[in-house]
Amino acid sequence: MQTLKNDRFLKALWRQPVDRTPVWIMRQAGRYLPEYREVRKQAGSFMNLCTNPELACEVTLQPLRRFPLDAAILFSDILTIPDAMGLGLHFVEGEGPKFHRPVRSAAEVKSLPVPDPEDSLAYVMDAVGLIRQRLEGEVPLIGFSGSPWTLATYMVEGGSSKNYGRTKGLLYGDPATAHELLGKLADAVTDYLNAQIARGAQAVQVFDSWGGVLSPETFRDFSLQYMQRIVEGIRPGPDGEPVPIILFSKGCNGHLEALARTGCQALGVDWTISLTEARGRVGDQVALQGNMDPAILLAPRDVVRQEAAKVLESFGHGTGHVFNLGHGITPDVDPEHLGTLVGAVQEMSVEYHRA
């Protein structure tokens, strides 16, 4: 197997000593980069970009050419699994993702297939393999998926939602059908992530973007338990080594202890909790990833540096911190401001790792 030239990210996830805090950024391949916008224009549509392994590889690598990031993340979309289940994913300008065939009944849930990732999602696997090859061992590659609950919200609503009325209606009105849907999605996500690992992903992240809209009990029953099933189902990489799993459950600070007990290696946290508090609550069970407010990147560059220093100070000394935003970078960010952030983390984090 290829030896990594920079393994800080993986070491931090396993809470092993590093010389400085590793940094990568959610949505680091995206619309804030002019070179991304050029390739997106060339592709003709977002789905064309996602389903073309060569173009997906290109945009995955673009931010690494600009910034000394410590990890690459596969360029794809969290809704590839529902699309492979036959729901007809498409994107409407100004409205986001939509499904031609949303899932609304017990019969529709029952008829859903669990897709073979090497068949209907082969374009993702081909992209993973190509990216790993083109990275040439410079940094690790992160694979990802949406969580079962988050995927279910899009599938039942037919797209984005403000109040998740249809999905919660299913959850409360027909919990057996909701559990059947989530169980199928847990199986599909597990297969999908294991296929990414087999093709070369060296860490995986589960995005539970909408876990925070659930009450504590429903979160445990309809989101947490299915993420735990995924964690338990993740297999080692081709070299036989275990692959670290990051759970990012946005808006779920009340559940940090329960999330840490799933067996994952790291928790992504948003900016509505300090890393000091999060670390105090989970101890050394897991690494922590985060958690600067993405809006800070819109501020002057000296402010970006100051806020980066605050995040580093909030986690404090020792290993187990991966610097990131508390959610994805927004399209209106000046790339130079991200460069300032990455440079600040590289420079200022060294003191937190001295013996």
Side-chain angles (χ1 to χ4, degrees), residues 4-26 28 68-73 139-144 201-208 224 227-228 230-232 234 236-237 241-250 252-293 307-327 341-342 344-355:
L4 272 172
K5 299 168 190 172
N6 173 356
D7 61 357
R8 286 186 195 93
F9 168 69
L10 297 180
K11 281 184 171 178
L13 292 181
W14 291 111
R15 302 182 309 287
Q16 296 169 357
V18 289
D19 59 338
R20 63 167 176 80
T21 304
V23 54
W24 72 278
I25 301 297
M26 287 186 278
Q28 63 190 26
L69 296 156
D70 293 297
I73 183 166
V139 295
L141 173 62
I142 307 166
F144 74 91
Q202 292 144 296
V204 291
Q205 176 159 314
V206 177
F207 286 86
D208 187 33
L224 180 66
M227 288 192 286
Q228 174 138 18
I230 293 163
V231 171
E232 291 170 353
I234 295 299
E241 293 296 315
V243 173
I245 305 152
I246 308 162
L247 298 184
F248 176 56
S249 204
K250 187 172 180 288
C252 294
N253 297 329
H255 301 286
L256 291 182
E257 294 88 346
L259 286 159
R261 289 193 295 268
T262 60
C264 68
Q265 281 64 54
L267 296 180
V269 288
D270 63 30
W271 62 91
T272 61
I273 186 174
S274 74
L275 290 179
T276 303
E277 181 186 341
R279 191 179 187 185
R281 285 169 53 187
V282 302
D284 61 0
Q285 292 181 82
V286 291
L288 293 174
Q289 178 178 277
N291 69 332
M292 199 171 88
D293 184 342
E307 295 297 326
K310 289 179 184 176
V311 172
L312 292 168
E313 183 181 10
S314 182
F315 184 85
H317 289 266
T319 192
H321 180 208
V322 174
F323 196 103
N324 208 314
L325 303 179
H327 202 228
L341 174 64
V342 174
V345 173
Q346 286 191 320
E347 173 196 334
M348 295 188 290
S349 67
V350 173
E351 67 175 281
Y352 292 98
H353 298 276
R354 291 197 176 107

Could you pull out all residues at least two apart from Gln285 that satisfy side-chain hydrogen bond (donor to acceptor under 3.5 Å, both in side chains)?
none
For Phe323 against Ala308, the heavy-atom pair lying closest together
CE1-O, 3.8 Å
Who are the side-chain hydrogen bond (donor to acceptor under 3.5 Å, both in side chains) partners of Glu347, not counting sequence neighbours?
Arg305
Rounded to the nearest 0.5 Å, how far apart are CG of Leu247 and CG of Leu259?
6.0 Å
Closest non-hydrogen atom pair between Val243 and Val204, with its separation:
CG1-N, 4.3 Å
In short, Val139 meets Gln202 closest at the heavy-atom pair O-OE1, 4.4 Å
Using side-chain hydrogen bond (donor to acceptor under 3.5 Å, both in side chains) as the criterion, list what pairs up with Asp70, not counting sequence neighbours.
Asn6, Arg8, Arg20
Mind checking side chain to side chain contact (heavy atoms under 4.5 Å, CB included) for Gln265 and listing every partner two or more places apart, or none if nothing turns up?
Trp14, Pro244, Ile245
Tell me if the NZ atom of Lys11 is crowded by more than 12 foreign heavy atoms within 6.0 Å.
no
Is there side-chain contact between Leu288 and Val282, with heavy atoms separated by less than 4.5 Å?
yes
Rounded to the nearest 0.5 Å, what's the gap from CD1 on Ile230 to OG1 on Thr262? Could you check?
10.0 Å
Taking the six-membered ring for Trp, are the ring centroids of Phe207 and Phe144 within less than 6.0 Å of each other?
yes
For residues 254-276, the ring-ring contact (aromatic ring centres under 6.0 Å, His included) pairs (sequence neighbours left out) are Phe219-His255
With sequence neighbours left out, write down each residue that passes side-chain hydrogen bond (donor to acceptor under 3.5 Å, both in side chains) with Asp208, or none if nothing qualifies.
Ser147, Thr150, Ser223, Ser249
Can you pull the salt bridge (charged side-chain N to carboxylate O under 4.0 Å, His left out) pairs that have at least one residue in residues 274-287, sequence neighbours excluded?
Glu257-Arg281, Glu277-Arg281
To the nearest 0.5 Å, how far apart are CD1 in Ile25 and CG in Leu341?
5.0 Å
Run the side chain to side chain contact (heavy atoms under 4.5 Å, CB included) test against Ala287 and tell me which residues pass, sequence neighbours left out.
Arg15, Ala266
How close do Leu4 and Pro140 get, counting heavy atoms only, and between which atoms?
CD2-N, 3.6 Å
Compare every heavy atom of Asp270 with every heavy atom of Asn291, then report the nearest pair and how far apart it is.
ND2-O, 3.1 Å
To the closest 0.5 Å, what do you measure between SG (Cys264) and CD (Glu232)?
11.5 Å
State, yes or no, whether a side-chain contact exists between Asp19 and His353 at a heavy-atom distance under 4.5 Å.
no
Would the distance check show the side chain of Asn324 and the main-chain N or O of Val23 forming a donor-acceptor pair, the cut-off being under 3.5 Å?
no
side-chain contact (heavy atoms from CB on, under 4.5 Å) between Ile73 and Gln28, intermediate numbers included
CA-CA 8 Å; Ile73 183 166; Gln28 63 190 26; 4.1 Å; yes
Where Ile246 and Gly268 come nearest, the two heavy atoms and their spacing:
CG2-N, 3.9 Å
Ring pair (Phe, Tyr, Trp, His ring centres under 6.0 Å) partners for Phe248, two or more places apart:
none
Mind checking side chain to side chain contact (heavy atoms under 4.5 Å, CB included) for Ala258 and listing every partner two or more places apart, or none if nothing turns up?
Leu224, Arg261
Name of the residue among Leu275, Val345, Asp293, Thr21 meeting side-chain contact (heavy atoms from CB on, under 4.5 Å) with Val311
Leu275
Contacts of type side chain to side chain contact (heavy atoms under 4.5 Å, CB included), residue Pro68, not counting sequence neighbours:
Val342, Gln346
Test: side chain to side chain donor-acceptor pair (under 3.5 Å). Region: residues 308-318. Which pairs qualify, not counting sequence neighbours?
Thr276-Ser314, Glu307-Lys310
State whether the side chain of His321 and the backbone N or O of Gly290 hold a donor-acceptor pair below 3.5 Å, judged by distance alone.
yes
